[in-house]
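Notes to accompany the following structure.
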Amino acid sequence: MQKPSLPKGTRDFGPVQMSRRTYILDTIKETFQLFGYQQIETPAMENLSTLTGKYGDEGDQLLFKILNSGDFLKDVNLEDLSAGTQAVLPKVSEKGLRYDLTVPFARYVVMNRNELTFPFKRYQIQPVWRADRPQKGRYREFYQCDADVVGTESLVCEAEIILMIRKVFAKLKLADYQIKINNRKILTGIAEAIGEAGKEGPLCVAIDKLDKIGWEKVQEELAQRGFGIDAIQKLAPLVSLESNLSGKLEFLKTFLKDSETGLKGVEELEEVFEILDQMGENLDFVDFDIMLARGLSYYTGAIFEVKVNGVSIGSVSGGGRYDNLTGVFGLPGVSGVGFSFGVDRLYDVLEELKLFPEDSLNSTKLLLAYFDEKGFGYALSLLNQFRKAGVKTEIYPDQAKIKKQLEFAAKKEIPFVGICGDNEIKDNSVSVKNLSTGEQVNLEIEAAIQLIQGS
RNA sequence: GUGAUUGUAGCUCAGCUGGUUAGAGCGCUGGUUUGUGGCACCAGAGGUCGCCGGUUCGAACCCGGUCUUUCACCCCA
């Protein structure tokens, strides 16, 4: 005998958790559909060649690789072994578990380009796997809920992403959060403006930590990454900039006046806000964060990140525009924009804020209970009458003492127990006991159905 | 991947500088109560002290390894 256990970073979901997850997922699905997105699914595993090289070196390390079936060592020779992992891996593994939903989607778009109608809007809700070290809000298997649209450069999509996030959060009763938005082109422009053109990658990584470690440390890190002192000093006014939206935009227009790309980014951002205005929407919850820099290498335009205030969880949603994701699969020039909700993190947030509706679990409304075999038979005959009327009904299947049946109902939070004894059998009735009040009434079956349905 | 940290009953946790048979609360099972759950009282079951090895006359306790938990870094939903 061995004690069963779970692989690191994975979890079971019990009935309570499942009903809560369903609540979150239904809310998200509803919203995606309202905005015209269609659902697809892709396999849990992809060819390793599809996955590798898309997430950077770090990402490649975090991919779960699947050992080839059969004699997976048959192509490996001693030379490979002494050459190390790099040489052995491609010979023993040709598949991996998906790391996100965006890359499989890009693969899907390329493979189905002739069937799809562009612009194509799809959503996808499936687990992804990362061989990360687990910690709070970070798992090795977790769900993502992606919505992406490909085949258009329209900034209406960006505006709609903001609307969808707001809609979902409103439905989930989340009231204190920020949709941080920025544009990759602005970051590129900043790199140019401070005389470190092309280095926005390391620049992003460093300034992304501003909140966490402060300006002093960021300067150190920038210096370490090879940024000149004057470049860092040029960056300073940006960091200390505390202004409203239009103030930030005006500042950037001056700051980026020599960077065509940077100005384009500002322009795009302004257009998104303008579209929202035309839609009759406002900028509630939207926060233009010049320093927002999401790591993923493929973003080229808008970038989003959503943070719920006052909770210990990191970002619960993120996304952005990528101009050429399908390019690596042989279909260049397709622009896409998308974002993703992290259900597992949303779950943790709602739990921390106690925002789950209470009545989500107790589905059964009536338990038929009995004292003896005769009553058991009578109860069995009643089951279908209640169910036909749409009352969620069950019976304790093993013949057991009434005490046990009542305890069972109480534990499962079943609100009503229908007692079936000799008296009830005699006049074809049932005694309905309300478990929370303890009240009990003897009723005809029809009346019992009405009572329970009316509750 | 780097550095810490945790593991004792179903759950939450005690367990002294290493020393007889490892404890508590909650939960669970049965009873007081054969037409009625929650409350009360009584009784009972339940533990390879994460796993493997070492030190010792003797290990839940000390040492090594391993797995797991949590956390920071990296990165990220």
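Residue numbers begin at 1 in each chain, while the letters A, B, ... track the order of the sequences.
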Taking side-chain contact (heavy atoms from CB on, under 4.5 Å) as the definition, give me every residue that meets it alongside A:Asn434, ordered by chain and number, with sequence neighbours left out. A:Phe416, A:Ser436, A:Thr437
Tell me whether A:Arg321 is salt-bridged to A:Glu268, with the criterion being a basic N under 4.0 Å from an acidic carboxylate O. no
Sugar-phosphate only, base, or nothing, as touched by A:Thr102 at under 4.0 Å among non-hydrogen atoms: nothing
Taking any heavy-atom pair under 4.0 Å as a contact, classify A:Tyr139: base, sugar-phosphate, or nothing. base
Going by atom types only, do A:Gln399 and A:Tyr370 share a side-chain donor-acceptor pair under 3.5 Å? no
Please state how far atom CG in A:Leu346 lies from atom P in B:C76, giving the value in whole angstrom units. 19 Å
Using a heavy-atom cut-off of under 4.0 Å over every strand shown, decide if A:Asp422 touches base, sugar-phosphate, or nothing. base
Looking at the base of B:U36, is there any donor atom on it, or on the side chain of A:Gln440, that sits under 3.5 Å from an acceptor on the other one? yes
Please work out if A:Gly137 contacts a base, only the sugar-phosphate, or nothing of the nucleic acid, heavy-atom cut-off 4.0 Å. base
Do A:Asp344 and A:Arg11 meet the salt-bridge criterion of a basic N to acidic O distance under 4.0 Å? yes
For B:G27 and B:A40, measure between their P atoms and round to the nearest Å. 9 Å
Taking the P atom in each of B:U12 and B:A77, what is the distance between them to the nearest angstrom? 31 Å
To the nearest angstrom, how far is A:Phe371 atom CZ from B:G37 atom C1'? 12 Å
Donor/acceptor link under 3.5 angstrom from A:Asn423 side chain onto base of B:G35: yes
Only Watson-Crick and G-U wobble pairs, only distances under 3.5 Å, only runs of 3 or more: what stems does that leave for RNA chain B? B:1-4 with B:70-73, B:10-13 with B:23-26, B:28-32 with B:40-44, B:50-54 with B:62-66
Which part of the nucleic acid does A:Ser315 contact within heavy-atom distance under 4.0 Å: base, sugar-phosphate only, or nothing? sugar-phosphate
Give me the distance, rounded to whole Å, that separates B:A59 from B:C52 when you measure between the C1' atoms they each carry. 15 Å
Between A:Gln144 and A:Glu58, which has a closest nucleotide on RNA chain B that is more 5'? A:Glu58
Suppose we screen for side-chain contact (heavy atoms from CB on, under 4.5 Å). Which residues come up paired with A:Leu34, at least two apart in sequence or across chains? A:Lys167
Could you check whether the rings of A:Phe32 and A:Tyr123 sit parallel, tilted or perpendicular, using 30° and 60° as the cut-offs? tilted
If you measure only the distance, is there a donor-acceptor pair under 3.5 Å linking the side chains of A:Ser429 and A:Asp427? yes
Presence of salt bridge, A:Lys54 and A:Glu46, under 4.0 angstrom: no
Run the salt-bridge test on A:Asp422 and A:Lys374 with the 4.0 Å N-O cut-off and return the result as yes or no. yes
In whole angstroms, the gap separating P of B:A77 from NZ of A:Lys307 amounts to 14 Å
Any side-chain donor-acceptor pair under 3.5 Å between A:Asn182 and A:Tyr299? no
Considering only the C1' atoms, how many Å lie between B:C57 and B:C13, rounded to the nearest integer? 33 Å
Mind checking the C1' distance from B:C61 to B:U17? Whole angstroms is fine. 11 Å
Closest to the A:Leu435 side chain: B:C74, B:G30, B:G37? B:G37
About how many Å separate CG of A:Leu63 and CH2 of A:Trp129, when rounded to the nearest 0.5 Å? 12.5 Å
Between the base of B:U36 and the side chain of A:Lys433, is one N or O donor paired with an acceptor at under 3.5 angstrom? yes
In whole Å, what separates the P atom of B:U2 from that of B:C67? 12 Å
Between A:Lys136 and B:U70, does any side-chain N or O lie under 4.0 Å from OP1 or OP2? no
Value in whole Å for how far the C1' atom of B:U2 lies from CG of A:Asp132: 13 Å
Check the interface with nucleotides 3-7 of chain B: list each N/O to N/O pair with the protein under 3.5 Å, or write none.
from, atom 1, to, atom 2, distance (Å)
B:G3, O6, A:Arg133, NH1, 2.9

Could you pull out the protein-nucleic contacts involving nucleotides 31-33 of chain B (nitrogen or oxygen on both sides, under 3.5 Å)?
from, atom 1, to, atom 2, distance (Å)
B:G31, OP1, A:Lys401, NZ, 2.7

Can you work out whether A:Pro7 or A:Gly438 has the more 5'-proximal nearest nucleotide on RNA chain B? A:Gly438
Rounded distance in Å between the P positions of B:U55 and B:G64: 15 Å
Face-to-face contact A:Phe142 to B:A77 six-ring, under 5.5 Å, under 30°: yes
Of the nucleotides B:G35, B:A72, B:G30, which one has an atom closest to the side chain of A:Glu424? B:G35
Pairwise distance CZ(A:Phe408) to CD1(A:Ile414) - rounded to 0.5 angstrom: 5.5 Å
Report the residues that fulfil salt bridge (Lys or Arg N to Asp or Glu O under 4.0 Å) with A:Lys180, sequence neighbours left out, ordered by chain and then residue number. A:Asp211, A:Asp289
